[in-house]
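See below for the structure under consideration.
By convention here, the first residue in the shown sequence is residue 1. Quick caveat, the model's predicted, so the values are computed rather than measured.
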Amino acid sequence: MIFTQPNFIIIGTQRGGTTSLYNYLIQHPQIVPSSQKEIHFFDLQYQKGIDWYEAQFASKNSVEFLTGEASPYYIFHPLVPERIKQHYPQIKIIVLLRNPVDRAISHYYHEVRCKIETLCLEEAFASESTRLTGETEKIISNPDYYSFNHQRYTYLSRGIYIDQLQNWIKYFPIEQFLIIESESLYKNPESTVNQTFAFLGLPYYQLSQSCKYNAGNYPIANEHIYQYFTNYFEPYNQHLTAYLGREFIWASTNKSCC
């Protein structure tokens, strides 16, 4: 085995199926897994240096094998696109986008399970702008600054996909992205995964298992709250649809998908 550079990165979104997709991808005999699914180099451990990062990828000595990682904070961290561009300008980038309301609720209950969030859902969502005041600016002005609030309490902000993708597309051409609707992965994992294999230049492969990884069980939000936040995300979803020239099921329906 030798150390190598990654061929692809799954950049997010958090609570959008990144763990499932990564575990499906590494079933392919031509994909070698990294030392761990989430390396978090370009967001949280950049000071360790690129040699440390590449040591997380052990590849067979053959051009026929690919390797990569999945760190779902990458899509949202403002400094990551430029950092990746500097080191891997040709890398293939995989994005999962989930209904932003479902994603936000799942994210909230994930933080509750981790004993990080103590507010009720409505209070947590209402407190987000206050918790985030000035945090993005601090990250941009001081690359060594770590913002707990920016990583943990961004329930609604992470669902504004248009802003995040525009930041990435400043650095990479759209052809280097595969943008997957999370609901398609949940509904038909084998078809979606083989779409990803094709994007990576790999042949079709029959998955040996396609269970859902890292799924969270949590209460269903009441109809009023769900509709309120559906309306909140609607203009951002419409902008995303126009920008990418494609429709998303959650951009045209008020119903929860999963």
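Thr192 places a side-chain N or O within donor-acceptor distance of the main-chain N or O of Ser184, the cut-off being under 3.5 Å. At distances below 3.5 Å, at least one donor-acceptor pair connects side-chain atoms of Ser127 with backbone N or O atoms of Glu123. Panel note: side chain Ser34, backbone Gln56; no donor-acceptor pair is recorded below 3.5 Å. Looking at Ser141, its side chain does come within 3.5 Å of a backbone N or O of Lys138 through a donor-acceptor pair. With hydrogens and angles disregarded, a donor-acceptor distance shorter than 3.5 Å links the side chain of Arg98 to the backbone of Arg15.
Here Arg131 does not pair with Glu111 in a salt bridge; the nearest charged N to carboxylate O distance is not below 4.0 Å. Between Lys85 and Glu82 there is no salt bridge, since no side-chain N of the basic residue sits under 4.0 Å from a carboxylate O of the acidic one.
In the displayed structure, Tyr228 atom OH is contacted under 6.0 Å by at most 12 heavy atoms of other residues, nucleotides or ligands. By the 6.0 Å contact criterion, NZ on Lys48 is enclosed, its count of non-hydrogen atoms from other residues, nucleotides or ligands being greater than 12. Remark: Glu223 CD is loosely packed, at most 12 non-hydrogen atoms of other residues, nucleotides or ligands lying under 6.0 Å away.
Taking both residues in full, the closest heavy atoms of His239 and Ile162 are given as ND1-CG1, 3.6 Å, listed atom of the first, atom of the second, then distance. Considering all non-hydrogen atoms of both residues, Leu156 and Phe233 come closest at O-CE2, 3.4 Å. Between Ser182 and Gly16, the shortest heavy-atom contact is OG-O, 2.6 Å. Among all heavy-atom pairs drawn from Leu121 and Tyr108, the shortest one is N-OH, 3.2 Å. Here the closest non-hydrogen pair linking Ile225 and Ala221 is CG2-CB, 4.4 Å. Contact record, Pro78 with Asn167: O-ND2, 3.5 Å, taken as the closest heavy-atom pair.
Side-chain contact between Ile116 and Tyr153 is present, with at least one heavy-atom pair separated by less than 4.5 Å. Residues Gln166 and Ile169 are not in side-chain contact: their nearest non-hydrogen atoms beyond the backbone lie 4.5 Å or more apart. For the pair Ile9/Phe42, a side-chain contact is recorded, criterion being any heavy-atom separation below 4.5 Å from C-beta on. Looking only at side-chain heavy atoms (C-beta outward), Phe57 and Val32 stay at 4.5 Å or farther from each other. Residues Arg103 and Trp250 fail the side-chain proximity criterion, which asks for heavy atoms closer than 4.5 Å. Between Pro100 and Tyr161 the shortest side-chain heavy-atom distance falls below 4.5 Å. Counting heavy atoms from C-beta outward, Phe197 and Leu25 have side chains that approach closer than 4.5 Å. Here the side chains of Tyr109 and Arg113 are in contact, with some heavy-atom distance below 4.5 Å.
No hydrogens or angles considered: nothing links the side chains of Gln27 and Asn23 as a donor-acceptor pair under 3.5 Å. Under the 3.5 Å distance criterion, with hydrogens and angles disregarded, a donor-acceptor pair is assigned to the side chains of Glu69 and Tyr74. Of the N and O atoms on the side chains of Tyr22 and Glu38, not one donor lies less than 3.5 Å from an acceptor on the other residue. For the 3.5 Å distance criterion, the side chains of Glu117 and Tyr155 qualify, holding a donor opposite an acceptor. A donor-acceptor pair shorter than 3.5 Å cannot be found between the side chains of Tyr24 and Glu190.
Exactly one of Arg152, Glu135, His77 qualifies for a side chain to side chain donor-acceptor pair (under 3.5 Å) with Ser147. That residue is Glu135. Of the listed residues (His150, Gln14, Arg158), just one forms a side chain to side chain donor-acceptor pair (under 3.5 Å) with Tyr73, and that residue is His150.
How far CD1 of Ile75 is from CD1 of Ile10: 12.0 Å, rounded to the nearest 0.5 Å. Residue Leu21 holds its CG atom at 10.5 Å from CD1 of Ile26, rounded to the nearest 0.5 Å. Taking CD1 from Ile179 and CG from Leu96, the interatomic distance works out to 10.5 Å, rounded to the nearest 0.5 Å. Taking CD1 of Ile94 as the start and CZ of Phe177 as the end, the distance is 11.5 Å to the nearest 0.5 Å.
No continuous path of hydrophobic side-chain contacts links Leu132 to Phe148 [ILVMFWY only; heavy atoms under 4.5 Å].
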**Request:** Please test Asn7 against Thr67 for side-chain contact (heavy atoms from CB on, under 4.5 Å), starting from the C-alpha separation and ending with a verdict.
**Result:** CA-CA 6 Å; Asn7 307 98; Thr67 189; 4.0 Å; yes

